[in-house]
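Notes for the one structure printed next.
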Amino acid sequence: MCYECQGIDRTISHYRQLEKFTTDRRTLDSIGILITRLEAAKAARHPETAPATEHPTPGSFFRRRTEKRSATDDE
């Protein structure tokens with residue numbers, strides 16, 4: 001992996017950490033968009049090694065957290 005891709009990975013990791021501790025819907029959507037753009041930039045640099053996986057939708061982490069809470073609240 002090239003030096004620039006390592007920097008992109010560090011930035012993506014930072015955004016994923018922010019996503020864990022943020023509850024604002026707009027912020028989560030924006031973080032998801034930024035992550036998607038960074039992953040696309042990384043894939044454009046090395047198209048031969050780009051993963052063929054689908055990216056999660058923006059705010060999906062927030063929905064998973066609230067679904068877990070509502071499942072535990074029902075008990």
How far does [atom1] of [X] sit from [atom2] of [Y], to the nearest 0.5 angstrom?
X	Y	atom1	atom2	answer
T22	Q17	OG1	CD	10.5 Å
R45	C5	CZ	SG	6.5 Å
Q6	T11	CD	OG1	12.0 Å

- Determine yes or no for a side-chain-to-main-chain donor-acceptor pair under 3.5 angstrom, with S13 supplying the side chain and D9 the backbone. no
- After noting the C-alpha distance and the side-chain angles of R16 and E39, does the key distance pass the salt bridge (Lys or Arg N to Asp or Glu O under 4.0 Å) rule? CA-CA 12 Å; R16 294 212 188 275; E39 289 174 344; 3.0 Å; yes
- Message: Quick check: is I8 connected to I31 through a chain of hydrophobic side chains (ILVMFWY, heavy atoms under 4.5 Å apart)?
- Response: yes
- Message: Do L38 and L18 land in one hydrophobic cluster if side-chain heavy atoms of ILVMFWY residues count as linked below 4.5 Å?
- Response: yes
- Task: Applying side-chain contact (heavy atoms from CB on, under 4.5 Å), name anything that partners L34, two or more places apart in sequence or on another chain.
- Result: Y15
- State plainly whether the residues R25 and E19 are in salt-bridge range, i.e. N to O under 4.0 Å. no
- Item | Residues forming a side chain to side chain donor-acceptor pair (under 3.5 Å) with T27, sequence neighbours excluded | D24
